[in-house]
Amino acid sequence: MELATYPLNQRRDAWAWRLVATGASFVLFGLGGLLLRVLILPLLACLPGDVITRRRRARAAISRAFHLHVQFMYRTRVLDFEIEGAERLGRPGQLVVANHPSLIDVVFLVSQIRDANCVVKQSLFDNPCTRGPVRTAQYIGNDGSMDMLERAADVLREGQCLIVFPEGTRTVPGRPPRFHRGAAAIALRGARTVTPVFITVDPPTLTKGTPWYHIPVCRFRARLRVGADIDPALFGTDAPAPIASRQLNDHLHHLFLRELAAS
């Protein structure tokens, strides 16, 4: 098992410096989205290739941009991070299911998967900094409809890798994650395998309802651990779809509660 790890410095870093670096991270994220939209993605679209090839190029560019963004935050001492089992992500028909403790969880995951689809907030399709990348990469907007579930299942049946956060939004600080049944329904409709990713952020930061400038007293550490694969067929054999979906969702929910508590 390959382990990508970066040493955690336990001493308190300069708060003012990390505040400036955190603000710079947000600014660079917005500028990076605009740069992708107006320059990089249009240039990539001019290269020869079919629709699928162009989509893969766009996703690879976004993945690389996210990787550079994580490195910027690491090099400026905003965070430390550890990713265990990343080599098992990105397989055809794989549904990657993760909890959602912070704003940058999707940045970490997409940075590790070169050709990932993702269910994202519908509002990102209207945001001037993100609408270009999410539309070009053909990400799926989470509008809560049955059509969204079918589109997500279709991309899995096509052999794409799909990232989903079953909570639908970031975890409320101090509360355990609460999973909606959508991810389980998608898995039963189209996934070849379901792979959980357990994310912890310590100290908590960039949580739901917390302004970006409320940074912790020391650098935070993000840890992503890829869990064992789950065969969705084990839940959909002898039960009607609604019951199978509830059973798989309950299984995922209890798995994450157990693993996050152990972490």
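Because only heavy atoms are used, hydrogens play no part in the values below, and waters and symmetry mates are left out as well, while side chains stay in. Residues take their numbers from the sequence shown, with the count starting at 1.
- Nearest heavy atoms, Ser111 versus Ser63: O-OG, 3.5 Å.
- Between the side chains of Ser102 and Asp105, at least one donor N or O sits under 3.5 Å from an acceptor N or O.
- In terms of heavy atoms, Val201 sits closest to Pro101 at CG2-CG, 4.0 Å.
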Exercise for the section: Check the pair Val120 / Phe125 against side-chain contact (heavy atoms from CB on, under 4.5 Å), numbers first and verdict last. Expected result: CA-CA 9 Å; Val120 299; Phe125 286 84; 3.7 Å; yes

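- Tracing side-chain contacts under 4.5 Å through hydrophobic residues (I, L, V, M, F, W, Y), one reaches Trp212 starting from Leu79; they form part of the same cluster.
- No single ILVMFWY cluster, assembled from side-chain heavy atoms under 4.5 Å apart, contains both Leu34 and Ile62.
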Exercise for the section: Please report the C-alpha distance between Val197 and Leu89 in whole Å, then the side-chain angles of each, then the deciding distance to 0.1 Å, and finally whether the side-chain contact (heavy atoms from CB on, under 4.5 Å) criterion is met. Expected result: CA-CA 10 Å; Val197 178; Leu89 299 175; 4.1 Å; yes

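- Put simply, the side chain of Phe72 does not reach to within 4.5 Å of the side chain of Val78, judged on heavy atoms.
- Here the CZ atom belonging to Arg54 is positioned 8.5 Å from the CG atom belonging to Leu47, to the nearest 0.5 angstrom.
- The backbone N or O of Ile199 lies less than 3.5 Å from a partner atom in the side chain of Asn99, making a donor-acceptor pair.
- The closest side-chain donor-acceptor pair between Ser145 and Asp143 falls under 3.5 angstrom.
- Ring geometry for His100 against Phe165 counts as parallel: the plane angle stays under 30°, on a 0 to 90° scale with 60° as the upper cut.
- When all heavy atoms are compared, the tightest approach of Ala184 to Ser245 is CB-O, 3.4 Å.
- If you run salt bridge (charged side-chain N to carboxylate O under 4.0 Å, His left out) between Asp80 and each of Arg219, Arg221, Arg223, only Arg219 comes through.
- Proximity of a side-chain donor or acceptor of Arg59 to a complementary backbone N or O of Ala137 within less than 3.5 Å is detected.
- Placement of Leu68 and Leu31 in two distinct hydrophobic clusters is found when ILVMFWY residues are connected by side-chain heavy-atom separations under 4.5 Å, directly or transitively.
- Contact of the Gln160 side chain with the Asp115 side chain is not registered, since no non-hydrogen atoms from C-beta on lie closer than 4.5 Å.
- For CZ of Arg114, the number of neighbouring non-hydrogen atoms (other residues, nucleotides, ligands) closer than 6.0 Å is 12 at most.
- Minimum interatomic distance between Pro232 and Ala191 (heavy atoms only, all atoms of both residues): CG-O, 3.4 Å.
- Neither Trp17 nor Trp15 shares a network with the other; the hydrophobic side chains, linked directly or stepwise wherever heavy atoms of I, L, V, M, F, W or Y lie under 4.5 Å apart, form separate groups for each.
- Using a distance-only test at 3.5 Å, with no hydrogens or angles considered, no donor-acceptor pair links the side chain of Arg55 to the main chain of Gln138.
- In this structure, OG1 on Thr136 lies 9.5 Å from CG on Leu44, to the nearest 0.5 angstrom.
- For the pair Val194/Phe235, no side-chain contact is recorded, criterion being any heavy-atom separation below 4.5 Å from C-beta on.
- Ring planes of Phe29 and His69: perpendicular class, angle over 60° (limits at 30 and 60°).
- With hydrogens and angles disregarded, no donor-acceptor distance shorter than 3.5 Å links the side chain of Arg189 to the backbone of Ala152.
- Residues Phe179 and Ile243 do not share a hydrophobic cluster, clusters being chains of Ile/Leu/Val/Met/Phe/Trp/Tyr side chains in contact below 4.5 Å.
- Residues Leu255 and Phe198 form a side-chain contact, since some pair of their non-hydrogen atoms from C-beta on lies under 4.5 Å apart.
- Taken to the nearest 0.5 Å, the CZ atom of Arg135 stands 9.0 Å off from the OG1 atom of Thr130.
- Heavy-atom minimum distance, Phe81 versus Val70: CE2-CG1, 3.7 Å.
- A 4.5 Å side-chain heavy-atom check between Val96 and Cys161 finds at least one atom pair inside the cut-off.
- Among all heavy-atom pairs drawn from Thr207 and Arg170, the shortest one is O-NH1, 3.1 Å.
- Checking side-chain atoms of Thr22 against main-chain N and O of Arg18 turns up a donor-acceptor pair under 3.5 Å.
- Side chain of His180 to main chain of Pro166: no donor-acceptor pair is present (N/O by atom type, distance under 3.5 Å, no hydrogens or angles).
- Within the model, atoms CD1 of Ile104 and CG of Leu206 stand 6.0 Å from one another, a figure rounded to the nearest 0.5 Å.
- At least one donor-acceptor pair under 3.5 Å links the side chain of His254 to the backbone N or O of Asp250.
- In this structure, CD in Glu158 is found 6.5 Å from CG in Asp154, a value given to the nearest 0.5 Å.
- No side-chain donor-acceptor contact under 3.5 Å links Gln94 to the backbone of Asp229.
- Looking at heavy atoms from C-beta onward, Tyr139 lies in side-chain contact with Asn117 at the 4.5 angstrom threshold.
- One distance of note links CD of Gln247 with CZ of Arg181; it measures 10.5 Å at 0.5 Å rounding.
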Practice task
Walk me through it: do Leu103 and Phe26 pass the test side-chain contact (heavy atoms from CB on, under 4.5 Å)?
Solution key: CA-CA 11 Å; Leu103 186 62; Phe26 276 85; 3.6 Å; yes

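- Around CZ of Arg178, the count of heavy atoms belonging to other residues, nucleotides or ligands within 6.0 Å does not exceed 12.
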Practice task
Please assess Thr210 against Thr205 for the test side-chain contact (heavy atoms from CB on, under 4.5 Å), listing each intermediate value before the final yes or no.
Solution key: CA-CA 8 Å; Thr210 303; Thr205 187; over 6 Å; no

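- Not one N or O on the side chain of Arg88 forms a donor-acceptor pair closer than 3.5 Å with the backbone of Ala228.
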